[in-house]
There are 2 protein chains.
Amino acid sequence: MIKRRKNPVEMIHTEPNLCSTDLRLHILHGVPFFASLEHTKIEEINQQIHEKGFKPGDYLYFAGDPADSLFIIAEGRVKLLRHTTAGKDVMLDLLIPGEFFGGLSTSSSSTYLETAQALTSVCALSISREGFRTILNQHPAVGIQVLDLVAARLEAAHDTIHQLSAQTAEQRIAATLLMLAAKLGEPHEVGLLIQTPLSRDELAEMTATTPETASRVISQFQRDGWIATGRKWIALIRLEELLQTAEMKV
Amino acid sequence: MIKRRKNPVEMIHTEPNLCSTDLRLHILHGVPFFASLEHTKIEEINQQIHEKGFKPGDYLYFAGDPADSLFIIAEGRVKLLRHTTAGKDVMLDLLIPGEFFGGLSTSSSSTYLETAQALTSVCALSISREGFRTILNQHPAVGIQVLDLVAARLEAAHDTIHQLSAQTAEQRIAATLLMLAAKLGEPHEVGLLIQTPLSRDELAEMTATTPETASRVISQFQRDGWIATGRKWIALIRLEELLQTAEMKV
DNA sequence: GCAATTATCTGATCCATATCATGGACTGAA
DNA sequence: TTCAGTCCATGATATGGATCAGATAATTGC
C-alpha cells in the first residue's frame, strides 16, 4: 500500500497588502504584453497600478460585479469560476504570476461573468479599464500581444470544448494533469510536482466530473504507478502513459 | 400529427468565384473592426484582399494546413470543426457574412487547429497574416476592436464549457436553438426561422450529443408546440419555454 | 414517375458516471 | 494529546444518453 506523504506543495507566504515596489516592477517587466515597452513607459504604467493582497479562499471579485478593472497576478494562484444555478462550480482557468484576467469584457457586458478566487495567498495588481484602454491606444504593439494571448486562450477553450464533447472522464483528467504539469510543474523527488494546492473537488471542477469520480481515477493512476498523490497535491511520474490515456481513441 | 413542411430555409445562390467588387466593398465596410477606417483606407485594404468561391460541402481549409490567411465571409455560411481521433466532429462555430476566422493563430501554432467547411455556397475574402498584422500595426483602433471581438468569442466559449459541464442534453439543445435564432433568426410564417441548413447531425455536433438524441429532443419540442421543424430546418415558436428549459436548475 | 439515397424517428439495450452513503485518514486548533 | 472538521476512498444503486437496429418519410437523380 502506498503511504501518503506530507504535502510537498510549497504554501506561498505573502503578507496581504505587501507587494514591494521591486516585486511590482519585476512582475510588470515580466508581463508578455509589456515586453515591447521601454523601462520609462513601464514606470509610467506603474503609477496607474493599484495592488491588493488576498488570503486563501478570498474572492477578488464576483460574477455580476461591475467590470471596471483588469487584474495581473504578482504572486500566488487564482481560479476563475462560473457558477451554475444548481450550485455546481466550473473552473475555467487556474492563473499564475504574470497572467491577466478581469476587465477584457466588451462594452456589451459591463459586469464580470466569472468569479475570481484566491487559491493561495495572492498579491494582485489592478488597473482600470480606461487606463488599460489608453495604454492599448498609445502602444499598438501591446494591443497585438494582448490579442495573441487572448487568441491563445480561445484555442485552449476550444481544446476544452473538444475534450468535454468527446472524451471520457479518465481521458479528461489525464489531459488536465498534463496541462497543469506543463504550466506549474516543478521537478521534485516525488515526480513532476504540480506546484499548487489541488483538491479532488478542484480537479472535478476543471474536468466536468464529481469529486468521487476524480478520486477513483486518481487512485487508479496511483495504483498504476503513473502519479504520486496525497491530500491536495499531485505529482506526475509516468507522463507517457498519461499522454497515451489522454489521446486514446474512444 | 404535425405535417412536415417543405424546407423554408432559402438556399443561398452564389456562383463560385463571383463576388462583385461592390459586394466586397459592402462587406468590408460592414466588418466591425474596419468601422473606424476611412473609405480610402478600406479601398487600400481591398487591394490586398483575395476572394474565392466554394460549393456546399467544400472545405476552405483543413486542420493542420499552414495558417497563413485570415478569412472573412462575404456570403454564405461556414462551420468550424475539430475532429476527434475517433472520427466524431465537434462544431465550434457557425459563421455568417462579416465574420472573420482563420489566421489569428499565435506564432506558437503555425497551422490551423480547426477545419473550415462551407454549409452553403460561400464567397470568402482572404488576406495574408502579414497583411493583417500590418493593418493592426498601422491602425490601433482596428486592433482594439479585433481584441474585443476575440474576447467576446472567448466568453461565448466559456458559456459552452459551462453548458457542457453542468447541463443536460435537452438544456444544451434549447440553449443552442436560442443562440442560433439570435444570430440567424428571421421572422417567417412558420415562426422565427433559423436561416441556415441545419441537420440533426449538425445540431448534434454543436451540442455534444448524437443525432438520435438530437432527434428525440427536437421531436419532443415539436410535439410540445415549441418549434416547427422538418428536414434540415428549424423554426422557433415558443421562445419563452425554450429559455426556461435552458435555464432550468439541474 | 419511380427507384435509390438520405435524413429522421423510434425502440431496446448497455454503460459511463452521477448520486447517495459510509468509513477512514489527515490536519489544525484547543 | 485529543478532538472536531475536512478531505479522500470505496461501495451500491440510479440514470441520462450512447449504441445498435430497424422502419418510415422526404429528396434527388434517372
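In what follows, chains carry the letters A, B, and so on, assigned in the order in which the sequence lines appear, proteins first and then strands, with residues in each chain numbered from 1.
Between the CD1 atom of B:I173 and the P atom of C:dT8 there is a distance of 13 Å, given to the nearest Å. Here the P atom of nucleotide D:dG17 and the CZ atom of B:R200 are 18 Å apart, to the nearest Å. Atom-to-atom, CD of B:Q222 to C1' of D:dA25 comes out at 13 Å; the value is rounded to the nearest Å. One interatomic measurement links the two molecules: CG of B:L164 to C1' of C:dT17, which rounds to 16 Å at whole-angstrom precision. Rounding to whole angstrom units, CD of residue A:E212 and C1' of C:dA21 are separated by 10 Å. Atom C1' of nucleotide D:dA9 and atom CG of A:L203 are separated by 15 Å, given to the nearest angstrom. Put simply, CG on A:N7 is 10 Å from P on D:dC8, counting in whole angstrom units. In this structure, A:D201 atom CG and D:dA9 atom P are separated by 13 Å, rounded to whole Å.
Considering all non-hydrogen atoms of both residues, A:F100 and A:R153 come closest at O-NH2, 2.8 Å. Of all heavy-atom pairs between B:R200 and B:W233, the closest is NH1-O, 4.5 Å.
Between B:S215 and C:dT8, a side-chain N or O to OP1/OP2 separation shorter than 4.0 Å is absent. Distances shorter than 4.0 Å separate some side-chain N or O of A:S219 from OP1 or OP2 on D:dT10. Side-chain N/O atoms of B:R223 include one lying less than 4.0 angstrom from OP1 or OP2 on C:dT10. An OP1 or OP2 oxygen of D:dA18 is reached within less than 4.0 angstrom by a side-chain nitrogen or oxygen of B:T210. Contact check, B:T213 against D:dG17: no side-chain N or O comes under 4.0 Å of OP1 or OP2.
Side chain of A:R77 to main chain of A:Q195: a donor-acceptor pair is present (N/O by atom type, distance under 3.5 Å, no hydrogens or angles).
Counted by atom type alone, B:S215 and B:E212 present zero donor-acceptor pairs between their side chains at under 3.5 Å.
Terminal axes of the helix from C:dG1-D:dC30 to C:dA30-D:dT1 (five pairs each, C1' rotation axis) are separated by 40°, to the nearest 10°.
For A:K232, taking side-chain heavy atoms from C-beta onward, the closest of the listed nucleotides C:dT8, D:dC8, D:dT10 is D:dC8.
A:A208 comes within 4.0 angstrom of sugar-phosphate atoms only, judged by non-hydrogen atoms across all strands, and of no base.
A ring-centre distance under 6.0 Å is found for A:F71 and A:Y61.
The base of C:dC26 lies close enough to the side chain of A:R231 for a donor and an acceptor atom to sit less than 3.5 Å apart. A donor N or O paired with an acceptor N or O is found under 3.5 Å between the base of D:dG11 and the side-chain atoms of A:R216.
Counting only residues at least two apart or on different chains, no ring pair (Phe, Tyr, Trp, His ring centres under 6.0 Å) pair has a member in residues 167-209 of chain B.
With sequence neighbours left out, the side-chain hydrogen bond (donor to acceptor under 3.5 Å, both in side chains) criterion links B:T213 to B:T210.
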